[in-house]
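Written out below as structure tokens is the structure these notes cover.
Sequence lines set the chain letters: A, B, ... in the order given, protein chains first and strands last, and positions in each chain run from 1.
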Amino acid sequence: MCGRLTLHTPVLDWLLEFFPAYANLWPASIGAIIKTHPGICQARYNIAPTQPVLVIRQFAADTQPQLEAMRWGLVPPWADSLKIAYSMINARCETLEEKPTYRPLLDQGRCVLLADGYYEWKQMLGPEASAKEQAASKQTYWIHRPESKPLALACLWTSNHKDLDGNRAQEPLLSTTIITTDAGADTRSVHDRMPVVLQDETAVARWLSSQAHWQSIKDLVGPAGAGTLQPTRVSSKANSVRNQGPELIAPELYTPDLF
DNA sequence: CCAGACGTTGTT
DNA sequence: GTCTGG
DNA sequence: CCAGACGTTGTT
DNA sequence: GTCTGG
């Protein structure tokens, strides 16, 4: 699955990679979002659920896609509390069309999350080990594109207009969830699920096109092809959200005396 | 009809 | 809001 | 996702 | 064990 992210690629570089056609318009967009969300465009090596993430939405064909900050973890319009979001950080692609919360978003709530990697925890021991042993044996991986190029993740977003958890909502709460699918060849050895990766500029444009119906773009949802992603063994520093620095994605070498 | 869930992962 | 379970 | 808390009363 | 916080 996908429960922790990185974004250290400069945001302008990310936008130019997937939307070169709007090259001269992006600096203003970035300036605007920095005003409302200071710090959101700085490098982040440990983005956790509930935190703001950067997403792209497009409201009409041939208009500039919009850069937005959203809370990670979907808070549906009917929710009276933020609690539900803890279990809606990912949405299984296999059941998107059945789930009443997700179905309307397939046509009206597609967006793309800006990231350049995510963390995964490999379970190194089988079910015969105790829960304690299993927890202690987890190996952290940072999964990213070769050369650490930007990554576009297929997501759904929605808006909640209620006074959540007793706090009067001044503004509607925008939130997002990352679609997951079976792991592809690159990451299967680490974990059996992965986020849906939009491969290139064309895939991103199709996913975002607001006039396109789900049936015509659902082919974009599936495991990434071999060669798309690369898992790098890293230390357990990323396990704690208090740790934030670039050292979290540094490759960890195997220590020979353990083998 | 009303009440209650609405979600995923991993673990058991 | 909308679906499922009883 | 993992880490860390998990509770109340009265007093400062 | 289960929930909350980040």
- Query: What is the distance, rounded to the nearest whole Å, between atom CG of A:Asn239 and atom P of D:dC2?
  - Reply: 7 Å
- Determine the minimum heavy-atom distance between A:Leu229 and A:Val197, stating which atoms define it. CD1-CG2, 4.3 Å
- Note on the structure: Whole-Å distance, A:Lys237 NZ to D:dC2 C1', equals 17 Å
- Item | A:Pro49, nearest nucleotide to its side chain (from E:dG6, B:dG7, B:dT9) | E:dG6
- Item | Between A:Asp116 and A:His8, a side-chain donor and acceptor under 3.5 Å | yes
- Query: Separation of A:Lys99 atom NZ from C:dG1 atom C1', in whole Å?
  - Reply: 17 Å
- Query: Is A:Arg103 reaching over with its side chain to a backbone N or O of A:Glu98, donor-acceptor style, under 3.5 angstrom?
  - Reply: yes
- Message: Suppose we define a pair by two distances each less than 3.5 Å, Watson-Crick or G-U wobble; what does D:dG7 pair with here?
- Response: none
- Message: Distance check, C1' atoms only: D:dA5 and B:dT8, in whole angstrom units.
- Response: 22 Å
- Gap between atoms CG and P, on A:Leu74 and C:dG1 respectively (whole Å): 17 Å
- Does A:Thr101 place a side-chain N or O at less than 4.0 Å from the phosphate oxygens OP1/OP2 of B:dG7? yes
- Task: Determine the interplanar angle of the A:Phe19 and A:Trp14 rings, folded into 0 to 90°, and report it as parallel if under 30°, tilted if 30 to 60°, perpendicular if over 60°.
- Result: tilted
- Query: A:Ile179 versus A:Thr181: any side-chain heavy-atom pair under 4.5 Å?
  - Reply: no
- Message: Measuring from the side chain of A:Trp121 (C-beta onward, heavy atoms only), which nucleotide among B:dT9, D:dC2, C:dC3 has the closest atom?
- Response: D:dC2
- Message: Say we look at E:dG6 and B:dG4: how far apart would their C1' atoms be, to the nearest angstrom?
- Response: 30 Å
- Query: Considering only the P atoms, how many Å lie between E:dC3 and D:dT9, rounded to the nearest integer?
  - Reply: 23 Å
- Query: Taking OP1 and OP2 of E:dT4, is either one under 4.0 Å from a side-chain nitrogen or oxygen of A:Lys83?
  - Reply: yes
- Task: Rounded off to whole Å, could you give me the CG-to-C1' distance for the A:Asp165 and E:dC3 pair?
- Result: 13 Å
- Item | Inter-nucleotide P distance (D:dC6, B:dG7), Å rounded | 30 Å
- May I ask you to verify if any side-chain N or O of A:Ser87 is less than 4.0 angstrom from the OP1 or OP2 atom of E:dC3? no
- Task: Report which part of the nucleic acid A:Asp192 touches: base, sugar-phosphate, or nothing (heavy-atom distance under 4.0 Å, all strands).
- Result: sugar-phosphate
- Message: Which label fits A:Trp26 and A:Tyr22: parallel for a plane angle under 30°, tilted from 30 to 60°, or perpendicular past 60°?
- Response: perpendicular
- Any side-chain N or O of A:Arg193 less than 4.0 Å from the OP1 or OP2 oxygen of B:dT8? no
- Candidate nucleotides B:dC6, D:dC2, C:dC3, ranked by approach to the side chain of A:Trp78 - the nearest: B:dC6
- Taking only the side-chain nitrogens and oxygens of A:Arg242, find out if one of them lies under 4.0 Å from OP1 or OP2 of D:dG4. yes
- Task: Look at the side-chain N and O atoms of A:Asn90 and state whether any lies under 4.0 Å from the OP1 or OP2 oxygen of B:dT8.
- Result: no
- Message: In this structure, how many angstroms lie between the C1' atom of D:dC1 and the OH atom of A:Tyr141, rounded?
- Response: 17 Å
- Nearest-0.5 Å distance that lies between atom CD in A:Gln139 and atom CD in A:Glu252: 5.5 Å
- Below 3.5 Å, does any donor atom in the side chain of A:Thr50 face an acceptor in the base of E:dG6, or the other way round? yes
- Heavy atoms only: give me the nearest A:Cys111-A:Arg57 pair and the separation to one decimal. CB-CG, 4.1 Å
- Kindly say if A:Arg92 contacts the phosphate of B:dT9, meaning a side-chain N or O under 4.0 Å from OP1 or OP2. yes
- Considering only heavy atoms from C-beta outward, does the side chain of A:Leu220 approach that of A:Arg206 to under 4.5 Å? yes
- Item | Any donor-acceptor N/O pair under 3.5 Å between E:dG5 base and A:Tyr86 side chain | yes
- Message: What's A:Thr177 touching, base or sugar-phosphate or nothing? Going by heavy atoms closer than 4.0 Å.
- Response: nothing
- Task: Measure from CZ on A:Arg4 to P on B:dT8 and round the result to the nearest Å.
- Result: 20 Å
- Near-strand residues of residues 107-117 of chain A, defined as heavy-atom separation under 4.0 angstrom from DNA chain B: none
- Which part of the nucleic acid does A:Ala238 contact within heavy-atom distance under 4.0 Å: base, sugar-phosphate only, or nothing? nothing
- Any-strand Watson-Crick or G-U partner of C:dG6, both distances under 3.5 Å: B:dC1
- Message: Base, sugar-phosphate or nothing for A:Glu120? Non-hydrogen atoms, less than 4.0 Å.
- Response: nothing
- Item | Side-chain heavy atoms of A:Arg71 within contact of A:Leu82, under 4.5 Å | yes
- Figure out the CE/P separation between A:Met88 and B:dT9, and round it to whole Å. 12 Å
- Query: When all nucleic acid strands are considered with a 4.0 Å heavy-atom cut-off, which category describes A:Ile89: base, sugar-phosphate, or nothing?
  - Reply: base
